[in-house]
Protein chains: 2
Amino acid sequence: MKLDDIDIRILEKLQENAMITAKELASEFALTTTPIYERIKKLQQSGIIKQYVALLDADLIGKSITVFINITIKDHHSEKRNEFVKRMEKLKEVVEFYHTSGSFDFLAKVRFSNIQEFRNFLVNELSSIHNISDIESQIVLEEIKYSTKIILDKTGL
Amino acid sequence: MKLDDIDIRILEKLQENAMITAKELASEFALTTTPIYERIKKLQQSGIIKQYVALLDADLIGKSITVFINITIKDHHSEKRNEFVKRMEKLKEVVEFYHTSGSFDFLAKVRFSNIQEFRNFLVNELSSIHNISDIESQIVLEEIKYSTKIILDKTGL
DNA sequence: TGTGAAAACTTATTTAT
DNA sequence: ATAAATAAGTTTTCACA
């Protein structure tokens, strides 16, 4: 799908505030609600807009421990690797999981209510998963910036 | 703010789909729209619901390169440290930025359209920031799981 | 805290340019 | 591709249990 300037500006706005009305967008772009509504519908149908979500304040709901866990595995053959990946992504504490280049193979972002929960995760959950050769945890001391917004430019389109 | 079971279930739903109507939630919980509406309003006012956002498909808009950059700084004194932090969080490519424990001091998640853009970021943006002693990049080869959803349990409340 | 109904507003269609 | 009008549905408020 090809995006024009108006599409890009709509996406910028919706990434900041999904509840903005077609009417508000219309007045910003000097249009009526119909074209805005049609454009948003197309952006959803094309899959560019994947999902609308509410973001919560982790501290206020008592999930204030975030840890990035770097993991290397022993056996990279697809069967054993896939088994490891499946076990990892199923864990509810794992909110993000990546296959990465560098000195470790995988990076997981995990969230806990407290350090005890993190300890239990290491001792009970991770230790029961086979094929792990090395683990290195980076505890988040401060979340300085967190955004889900992707900056759109003409470069990639 | 104290959360009861209904609040927790509302938050679960809104984290998956912010566009669910009060009516749909009401019928799931055998309530009318008014109490649902009032509960959501309180969750917003208390700050537990921080924001509603649209999540985009990074590949479809040509932002398919994600990199985690680990950084250590030379001088940890507050003035020089703060200057570094300010410079980093201002960069539009940096979507997440954390102060972490472990062998590096900071972790940044950055997004690019292509490897050239990443290279330019390293050569032009990062290199112009003072106080950096070491950088280690982990390029994301595959995003296996990405979720903004925080699992709520009674533990942390 | 919750119900039910009414008012205000938004969305989604239709018709026309 | 957009405008204007409209029908359908949702949010929001309010009196009351």
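Letters A, B, ... are given to chains in the order of the sequence lines, protein chains preceding strands, and every chain is numbered from 1. Bear in mind the structure is a predicted one, so any value in this text is a computation, not a measurement.
One can place CD1 of B/Ile36 at 13 Å from C1' of C/dT3, the figure rounded to the nearest angstrom. Rounded to whole angstrom, the span from the CZ atom of B/Phe29 across to the P atom of C/dT3 amounts to 13 Å. Regarding B/Leu14, its CG atom lies at a distance of 14 Å from the C1' atom of D/dT11, rounded to whole Å. When the C1' atom of D/dT10 is taken as reference, atom CE of B/Met19 falls 13 Å away, rounded to whole Å. Here the P atom of nucleotide D/dG9 and the CD atom of B/Glu24 are 13 Å apart, to the nearest Å. Distance, A/Leu25 CG to D/dT2 C1': 16 Å, rounded to whole Å. Atom CD of B/Glu38 and atom C1' of C/dG4 are 14 Å apart (whole Å). Following rounding to the nearest Å, A/Ile40 (CD1) and C/dT13 (C1') show an atom-to-atom distance of 16 Å.
At the heavy-atom level, A/Thr33 lies nowhere under 4.0 Å from the strands shown. B/Pro35 comes within 4.0 angstrom of a base, heavy atoms only.
At the phosphate of D/dA1, OP1 or OP2 sits under 4.0 Å from a side-chain N or O atom of A/Lys42. The phosphate of C/dT13 (OP1 or OP2) has a side-chain N or O of A/Lys41 nearer than 4.0 angstrom. In terms of phosphate contacts, B/Arg39 brings no side-chain nitrogen or oxygen within less than 4.0 Å of OP1 or OP2 of C/dT1. For A/Tyr37 and C/dA12, the shortest distance from a side-chain N or O to OP1 or OP2 is below 4.0 Å.
Taking every side-chain heavy atom of A/Lys23 into account, C/dT10 is the closest of D/dA3, C/dT10, C/dT3. With D/dT11, C/dT11, D/dT2 as the choices, the nucleotide that has an atom nearest any side-chain atom of B/Thr21 turns out to be D/dT11.
Between the side chains of B/Tyr37 and B/Lys42, no donor-acceptor pair of N or O atoms lies under 3.5 Å.
Note that CD of B/Gln15 is 6.5 Å distant from OG1 of B/Thr148, once rounded to the nearest 0.5 Å.
At a threshold of 4.5 Å between non-hydrogen side-chain atoms, the residues B/Leu107 and B/Phe68 count as touching.
Here the closest heavy-atom approach between residue A/Leu60 and residue B/Ile48 is recorded as CD1-N, 3.8 Å.
Looking at A/Thr34, its side chain comes within 3.5 Å of the base of D/dA4 through a donor and an acceptor atom.
Residues B/Leu152 and B/Ile150 share a single hydrophobic cluster, defined by chaining ILVMFWY side chains whose heavy atoms lie under 4.5 Å apart.
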